[in-house]
Amino acid sequence: RLDVEANRRITVKELASNYGVSTQTIFTVLTQDLGLSKKSARWLPRLLSDEQKDNFLDKIVTMDESAVAYHTPETKEQSKQWVKKGSPGPIKFKTQETRVKQMVLAFHDREGLIYTNMVPRGKT
């Protein structure tokens with residue numbers, strides 16, 4: 001009991017080594033005989049000062065990946081050609097729209113977008 005009160009973070013293995021008994025024996029004594037259990041500390045952001053909160057938030061970077069579908073048909077302006085006066089204009093065949101998807105990775109921090117990366121097709 002004194003070892004645990006002196007160091008609340010002592011492990012069952014350390015106690016078993018100190019006393020030369022099995023870890024199961026130490027665990028039984030701690031949990032059943034002494035009524036103890038080991039719990040992790042919870043992180044409470046409200047315990048941080050404003051400066052600590054700002055410093056903490058400045059270090060967070062998140063990443064989002066999205067599959068972006070796009071189709072870039074030729075515009076009317078792009079299809080224009082120089083021809084002799086009175087000649088018919090160029091013929092434009094109707095193309096079937098194909099949807100192309102591109103994986104985009106976007107990295108953000110507290111201030112906004114910091115980096116984007118277009119993943120090559122077929123490399124996910």
Side-chain angles (χ1 to χ4, degrees):
R1 183 178 196 86
L2 295 176
D3 288 342
V4 174
E5 287 176 355
N7 179 8
R8 293 282 180 179
R9 293 182 182 205
I10 196 164
T11 66
V12 172
K13 284 184 180 179
E14 290 172 333
L15 290 169
S17 175
N18 292 349
Y19 290 101
V21 294
S22 71
T23 55
Q24 184 60 43
T25 301
I26 295 293
F27 185 79
T28 302
V29 169
L30 291 173
T31 57
Q32 293 177 6
D33 297 345
L34 299 176
L36 299 175
S37 64
K38 195 159 193 176
K39 295 191 176 181
S40 298
R42 289 188 312 153
W43 184 74
L44 298 174
R46 68 175 174 264
L47 296 178
L48 298 175
S49 69
D50 288 337
E51 182 181 340
Q52 288 171 324
K53 287 179 191 175
D54 287 341
N55 289 340
F56 176 75
L57 293 174
D58 287 340
K59 295 176 183 172
I60 294 177
V61 174
T62 61
M63 190 270 296
D64 180 39
E65 61 181 59
S66 297
V68 178
Y70 62 90
H71 172 67
T72 54
E74 184 178 55
T75 66
K76 190 170 187 173
E77 189 67 31
Q78 290 171 327
S79 71
K80 287 184 179 180
Q81 296 179 17
W82 290 102
V83 294
K84 291 194 179 256
K85 287 187 181 182
S87 297
I91 296 173
K92 182 176 176 181
F93 294 98
K94 183 168 176 101
T95 59
Q96 184 170 348
E97 292 185 16
T98 57
R99 287 214 169 266
V100 178
K101 286 191 175 182
Q102 179 77 44
M103 181 66 70
V104 178
L105 305 177
F107 294 84
H108 304 266
D109 67 1
R110 187 176 186 179
E111 303 294 319
L113 184 65
I114 55 175
Y115 178 72
T116 59
N117 183 30
M118 303 284 274
V119 179
R121 293 187 67 201
K123 305 277 184 186
T124 55

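By the 4.5 Å heavy-atom criterion applied to side chains, Leu30 and Leu15 are counted as neighbours.
Side-chain atoms of Gln102 come within 3.5 Å of backbone atoms of Val119 as a donor-acceptor pair (strictly under, hydrogens ignored).
Scanning for side-chain contact (heavy atoms from CB on, under 4.5 Å) contacts around Asp64 gives Ser66, with sequence neighbours left out. Partners of Tyr115 under the ring-ring contact (aromatic ring centres under 6.0 Å, His included) rule, at least two apart in sequence or in another chain, are Phe107. Annotation: side-chain contact (heavy atoms from CB on, under 4.5 Å) contacts of Asn7 (sequence neighbours excluded): Arg9, Ile10. Under the rule for a side chain to side chain donor-acceptor pair (under 3.5 Å), the partners of Asp58 that lie at least two apart in sequence or sit in another chain are Arg110. With sequence neighbours left out, the side-chain contact (heavy atoms from CB on, under 4.5 Å) criterion links Leu113 to Ala106, His108, Thr116. In terms of the side chain to side chain donor-acceptor pair (under 3.5 Å) criterion, Thr31 has no residue partners (sequence neighbours excluded). Judged as a side-chain contact (heavy atoms from CB on, under 4.5 Å), and not counting sequence neighbours, the contacts of Lys13 are Thr11, Thr23. By the salt bridge (Lys or Arg N to Asp or Glu O under 4.0 Å) test, Glu5 is found to be paired with Arg1, residues two or more places apart in sequence or in another chain being considered.
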Show, in sequence, the C-alpha distance, side-chain angles and deciding distance for Ile26 and Val21, and conclude whether the side chain to side chain contact (heavy atoms under 4.5 Å, CB included) test is met.
CA-CA 7 Å; Ile26 295 293; Val21 294; 3.6 Å; yes
Check the pair Thr25 / Ser22 against side-chain hydrogen bond (donor to acceptor under 3.5 Å, both in side chains), numbers first and verdict last.
CA-CA 5 Å; Thr25 301; Ser22 71; 2.8 Å; yes
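In this structure, Phe27 CZ and Asp33 CG are separated by 12.0 Å, a value rounded to the nearest 0.5 Å.
Taking all atoms of both residues into account, the shortest heavy-atom contact from Tyr19 to Asp3 is OH-OD2, 2.5 Å.
Counting Ile, Leu, Val, Met, Phe, Trp and Tyr side chains that sit under 4.5 Å apart, directly or through other members, Val68 shares a hydrophobic cluster with Val104, Met118.
For Glu65, the CD atom sits in a loose shell: 12 or fewer heavy atoms of surrounding residues, nucleotides or ligands are nearer than 6.0 Å.
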